[in-house]
Amino acid sequence: MMRKTIAAINMTLDGICDHHVGIVDQALHQHYSELLNNAGLILYGRKTFQLMQFWQTLLTNPSDEKTMNDFANSINKIEKIVFSNTLKNTGWDTAKIADKPPENIILDLKKQSGQDILIGSRSLIIQLLNSNLIDEFQICIHPMVEGKGLRLFDQIKDRISFKLNRTKSFDSGVIILYYEPTKVKLANR
């Protein structure tokens, strides 16, 4: 069985996918720790990777919140591939800079055995959706309207339809929708 490529991202009701907005609590940290612990590696663009480096500080200076520390340990352990034209060093033992385009790396990784591949950056998600290389899409929707910011789906080339496989809801009102892209693209109207 081939490894799955799973795009996982947070967004608001109005489609904003900024890492600085949302309802982040212990339950969500625990969810994402489990997702990371059950995957083989995660792919990041430079900007998201640099945001994730915050979690390195909790390894040496832990938080008072256990789920934040658990997430820091999970993100530290998972292998990371970073797509950047400017970074020369990741500063993280479990991260390396990509030496090929994302599509090529995904195709190579899917031929190998191992745990699933996570995609954690908007730019990579868009690129891989446009190349039909996403097997599962996990959209974590935060019950809020941000009004401004980076929209998740503003650069999709063609219409893509999805099948909803399941949902997961949290007491905070956050809901995760688990989608599978259908193999048939619908024609643009």
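The closest donor-acceptor contact from the side chain of Thr94 to the backbone of Asn76 lies under 3.5 Å. With Gln53 contributing its side chain and Gly91 its backbone, the two residues share no donor-acceptor pair below 3.5 Å. Checking side-chain atoms of Thr48 against main-chain N and O of Ser121 turns up no donor-acceptor pair under 3.5 Å. Between the Asn165 side chain and the Tyr178 main chain, no donor and acceptor come within less than 3.5 Å of each other.
Paired with Ser33 under the rule side-chain contact (heavy atoms from CB on, under 4.5 Å), one option of Asn73, Asp70, Ile75 passes, and it is Asp70.
Once rounded to the nearest 0.5 Å, the distance linking CG of Leu28 with CD of Gln30 reads 10.5 Å. Interatomic distance, Asn69 CG to Trp55 CH2, rounded to the nearest 0.5 Å: 9.0 Å. In this structure, Ile105 CD1 and Leu128 CG are separated by 10.0 Å, a value rounded to the nearest 0.5 Å. To the nearest 0.5 Å, atom CD of residue Gln26 and atom OG1 of residue Thr67 are 4.5 Å apart. The NZ atom of Lys100 sits 11.5 Å away from the CD1 atom of Ile106 when rounded to the nearest 0.5 Å. Taking OG from Ser74 and CD1 from Ile42, the interatomic distance works out to 11.0 Å, rounded to the nearest 0.5 Å.
Scanning all heavy atoms of the two residues, the minimum distance from Ile16 to Arg151 falls at CD1-NH1, 3.5 Å. In plain terms, the two heavy atoms of Ile119 and Ile134 that are nearest each other are CG1-CD1, 4.2 Å. Of all non-hydrogen atoms in Ala39 and Gln115, the two that sit nearest each other are O-OE1, 3.2 Å. Across Gln50 and Leu87, no two heavy atoms sit closer than the pair NE2-CD2, 3.7 Å. Shortest non-hydrogen contact noted between Arg3 and Lys110 is O-NZ, 3.0 Å. The shortest non-hydrogen separation linking Phe83 to Pro101 is CE2-C, 3.9 Å.
The number of heavy atoms from other shown groups lying within 6.0 Å of CG (Asp171) does not exceed 12.
Hydrophobic clustering places Val82 together with Ile6 (ILVMFWY residues linked when any side-chain heavy atoms are closer than 4.5 Å, directly or through intermediates). Under the 4.5 Å side-chain heavy-atom criterion for Ile, Leu, Val, Met, Phe, Trp and Tyr, Met52 and Leu124 are members of distinct hydrophobic clusters. There is no path of hydrophobic side-chain contacts, each under 4.5 Å, that joins Ile23 to Val145. When hydrophobic clusters are built by joining Ile, Leu, Val, Met, Phe, Trp and Tyr residues whose side-chain heavy atoms come closer than 4.5 Å, directly or via intermediates, Leu118 is grouped together with Ile97. Hydrophobic clustering of Ile, Leu, Val, Met, Phe, Trp and Tyr side chains at less than 4.5 Å, counting indirect connections, unites Tyr32 with Trp92.
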Q. Can you check side chain to side chain contact (heavy atoms under 4.5 Å, CB included) on His29 and Val24, steps first, answer last?
A. CA-CA 7 Å; His29 278 133; Val24 183; 3.4 Å; yes

Q: Apply the test side chain to side chain contact (heavy atoms under 4.5 Å, CB included) to residues Asp135 and Glu180: give CA-CA distance (whole Å), side-chain angles for both, the deciding distance (0.1 Å), then the verdict.
A: CA-CA 6 Å; Asp135 300 310; Glu180 176 184 328; over 6 Å; no

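A perpendicular orientation is assigned to the rings of His31 and Phe170, their planes being inclined by more than 60° (bins at 30° and 60°). Relative ring orientation between Phe49 and Tyr44 is described as tilted, the plane-to-plane angle lying within the 30° to 60° band.
Listed by chain and residue number, Ile141, Leu164, Thr167, Ile175, Tyr179 satisfy the side-chain contact (heavy atoms from CB on, under 4.5 Å) test with Leu177 (two or more places apart in sequence, or in another chain). Residues that satisfy the salt bridge (Lys or Arg N to Asp or Glu O under 4.0 Å) test with Asp116, not counting sequence neighbours, are absent from this structure.
Looking at heavy atoms from C-beta onward, Pro143 lies in side-chain contact with Val174 at the 4.5 angstrom threshold. Residues Phe71 and Leu58 fail the side-chain proximity criterion, which asks for heavy atoms closer than 4.5 Å. No side-chain heavy atom of Leu13 sits less than 4.5 Å from a side-chain heavy atom of His142.
With 3.5 Å as the limit, one finds no donor-acceptor pair spanning the side chains of Glu146 and Thr12.
Evaluation of the salt bridge (Lys or Arg N to Asp or Glu O under 4.0 Å) test over residues 27-56, restricted to residues two or more places apart or in two chains, returns none.
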